Visitor: 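Just dropping this structure here.
Being a predicted model, the structure only gives us computed values, none of them experimental.
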Amino acid sequence: MERSVKYHYDPKWKRTHRCGELGGADTGRNVTIAGWVKKVREFGDLTFLDLWDRTGLIQLVVEASQPSLHRLFVSLRAEDVIACRGTVKKRPPEMVNLKMATGEVEIVVEEIEIFNRSEVPPFNVSDQIKASDDLRLRYRYLDLRRDKMQRNLELRHRLALETRNFLSRQGFLEIETPMLVKRTPEGARDYLVPSRLQPGKFYALPQSPQLYKQILMVAGFDRYFQLARCLRDEDLRADRQPEHTQIDIEMSFVTEEEVFAVTESLIKELFYGEADKGRRDPFPRIDYEQAMSRYGSDKPDLRFELEISDCSKLFAESGFEAFASAVRQGGVVRGISFPPGTAFSNNQIKKLEKQVKSAGAKGLATVKVDETGLSSPLDKFLGGDEMDRILSFFEAGTGNPSLLLLVAGSRESVEKSLGDLRLYLGRTYLLKGRNDEFKFLWVNRFPLFLPVEGGGWEPAHHIFSMPLEEDIPFLDQDPGRVRGHLYDLVCNGTELGSGSIRIHRRELQEKLFKIIGMDQAAAERKFGFLLRAFEFGGPPHGGIALGLDRLAMIIGGESSIRDYIAFPKTQSAASLMEEAPSEVEEEILRELHIRIEKEEG
RNA sequence: GGGGUCGUAGUUCAGUUUGGUUAGAACGCCGGCCUGUCACGCCGGAGGUCGCGAGUUCGAGUCUCGUCGGCCCCGCCA
């Protein structure tokens, strides 16, 4: 029988300890704890219960001697919320549970209070991972109660805290920038917010604080940072959410080197801790062009070598016409030497071929060489000692067995397809049991502009980045050749952050606007406030933005950022728990001067 | 916008290839027994709109089409 219902929390149940804190040292102590019931194990007149809070589990025990207490106790079910007063008792030696942090003791219950009984949960909250994603999201509060998720959000908290402490010690100020901003026409699709007070006008939610942080530099705030929410209305992925958090950093009077130094120092502290970071090597650097040709990616995974080699020269006069003509037409022939591949079956090789074709290659040529000799579909096309030259180029032979995988075609298609292939081979065959290793690198000197279909140029990154000094002469004749002070920080094949040294003079900024086809009037309309700011003392400056969610994901060893965000969205950008987005009342829309046109069908 | 994959008990899944008796298992849930469990054990029980809709068929969880939703990817994305 339930006693009369109490709605308020009685201070007499104030906790003296948290569940996970108790141990042998507390023996004999009278304690009050509170938490969620995880498991009730009933043995006739003796009953055990595991009580959980964020700090851990503790076993409660009630014996038969108090019938009314016992009756209440056995009525408890998983996820009920209770408080309990009792005495900490050392367990008999043979009953100690070494698998439990508090397994040396248990609490002999003297009184319990039930704050709230739980419905039967839709999935077992104690399980490591068993529920489907959509159930987990629908009942996110239960999912978050799981140990794994508690640890994940603790990790995220630690990263945020250490970032604030570290940057603060380095003289950075955290400054907030607005969430309702002017729409930026470049880059990602904006989330729009209608203005009630100004009919027909819209704010945008910020894709990043980019312009504001530059303005803050003009304002003299030397060193700025912010844990900034960034919102982009683009399609989602395992590592992309419509809202994510960036560690946004900007500094005045710095070169690329100083941005690297601060960032490396921060990253090493976050990944390895203060004590260890001094012993870590500086992050290697590679320029974009090299990254693309050697790894076929602008964010190479360096946990394995497996470099791509350019063997175009070997095939320029080759008897293998497909390759020779690719080279004649200005393309390239490149390949990967993959020793474990000598064991591949024909089916496995066919699978690889299918994969490079889907990445845009025309085909995949293979050369297998091992103790038993050489086998290759190319063999019959090659004249003289051509095959020998290929083998020696890749340092393969009967003494050095390997499978050579070769692709020919346009530079772009070869880079893309071999890059995909390298990643696949490396991650499938070379990475086993090496998931706790972090391989960082800087990729820099990205091109500033990419050609637009049908002529013209668009910014490869964003339009505020400084061209390399040596490339400035090409701005007029050949923008495609101009590289910028642009850099990405990459870890294990994931882009952790990117940044640049910015332009700080109006005339150069205007020149870049012009290259992407933005005339003076348009530039004034869209970015006039920034240009004007530069005219009032814009200092040289640059910075970087690191993805906090991805940082947590990589340190946590997972492949989805959703597990490091308390309330993430599904792939269709919905929140299943509260069912956002939702329709709104006609009246609200009218106030915002918006009319919905229903799509037909 | 496109490709792939999944959707069956509260949950995780089997059953779908080859349409055919009453749709199964484990966990969970409910009832009973048990004084040292901690993945407790034993006995018994309840629980199903096979995502939804249409079609083919004598007959559909199973085949076809459509649709909704989850996940992965391409495009897109500081």
Visitor: Give me the distance, rounded to whole Å, that separates rG53(B) from rC33(B) when you measure between the C1' atoms they each carry.
Guide: 50 Å
Visitor: Check whether the side chain of E234(A) and the base of rG75(B) form a donor-acceptor pair under 3.5 Å.
Guide: no
Visitor: Expressed in angstrom and rounded to an integer, what is the separation of E42(A) atom CD from rC29(B) atom C1'?
Guide: 14 Å
Visitor: Is the phosphate of rG70(B), meaning OP1 or OP2, less than 4.0 Å from a side-chain N or O of S572(A)?
Guide: yes
Visitor: Over how many whole Å does the gap from R140(A) atom CZ to rG70(B) atom P extend?
Guide: 15 Å
Visitor: Between E174(A) and R164(A) (salt bridge meaning N to carboxylate O under 4.0 Å), is one present in this structure?
Guide: yes
Visitor: Figure out the CG/C1' separation between D420(A) and rC72(B), and round it to whole Å.
Guide: 15 Å
Visitor: For the side chain of R41(A) and the base of rU35(B), is some donor closer than 3.5 Å to an acceptor across the two?
Guide: no
Visitor: May I ask you to say whether D143(A) pairs ionically with R136(A), meaning some side-chain N is under 4.0 Å from a carboxylate O?
Guide: yes
Visitor: rG10(B) P sits how many Å from R138(A) CZ, rounded?
Guide: 15 Å
Visitor: Expressed as a whole number of Å, how far does the C1' atom of rU18(B) sit from that of rC63(B)?
Guide: 11 Å
Visitor: Answer yes or no: is there an ion pair linking E256(A) with R285(A), defined by an N-O contact shorter than 4.0 Å?
Guide: no
Visitor: When the nearest nucleotide of RNA chain B is assigned to A188(A) and to N97(A) on a heavy-atom basis, which residue is associated with the more 5' position?
Guide: N97(A)
Visitor: For Q241(A) and rC71(B), what is the distance between atoms CD and C1' respectively, to the nearest whole Å?
Guide: 13 Å
Visitor: Using whole Å, report how far CG of L135(A) lies from C1' of rC13(B).
Guide: 14 Å
Visitor: Does OP1 or OP2 of rG28(B) have a side-chain N or O of K39(A) closer than 4.0 Å?
Guide: yes
Visitor: Whole angstrom is fine here: how far is it from CZ in R240(A) over to P in rC71(B)?
Guide: 14 Å
Visitor: Kindly indicate whether the side chain of R136(A) and the base of rG70(B) share any N or O donor-acceptor pair separated by less than 3.5 Å?
Guide: no
Visitor: Will you find, in the side chains of R422(A) and S297(A), an N or O donor that is under 3.5 Å from an N or O acceptor?
Guide: no
Visitor: rC58(B) pairs with which nucleotide, Watson-Crick or G-U wobble, both distances below 3.5 Å?
Guide: rG20(B)
Visitor: Tell me: CD of Q571(A) to P of rC73(B), nearest whole Å?
Guide: 7 Å
Visitor: Below 3.5 Å, does any donor atom in the side chain of R232(A) face an acceptor in the base of rC76(B), or the other way round?
Guide: no
Visitor: Of the residues in residues 47-62 of chain A, which ones touch RNA chain B at a heavy-atom distance under 4.0 Å?
Guide: F48(A), Q59(A)
Visitor: Y564(A): what forms a ring-ring contact (aromatic ring centres under 6.0 Å, His included) with it, not counting sequence neighbours?
Guide: none
Visitor: Under a 4.0 Å threshold between the charged nitrogen and the carboxylate oxygen, would D50(A) count as salt-bridged to R41(A)?
Guide: yes
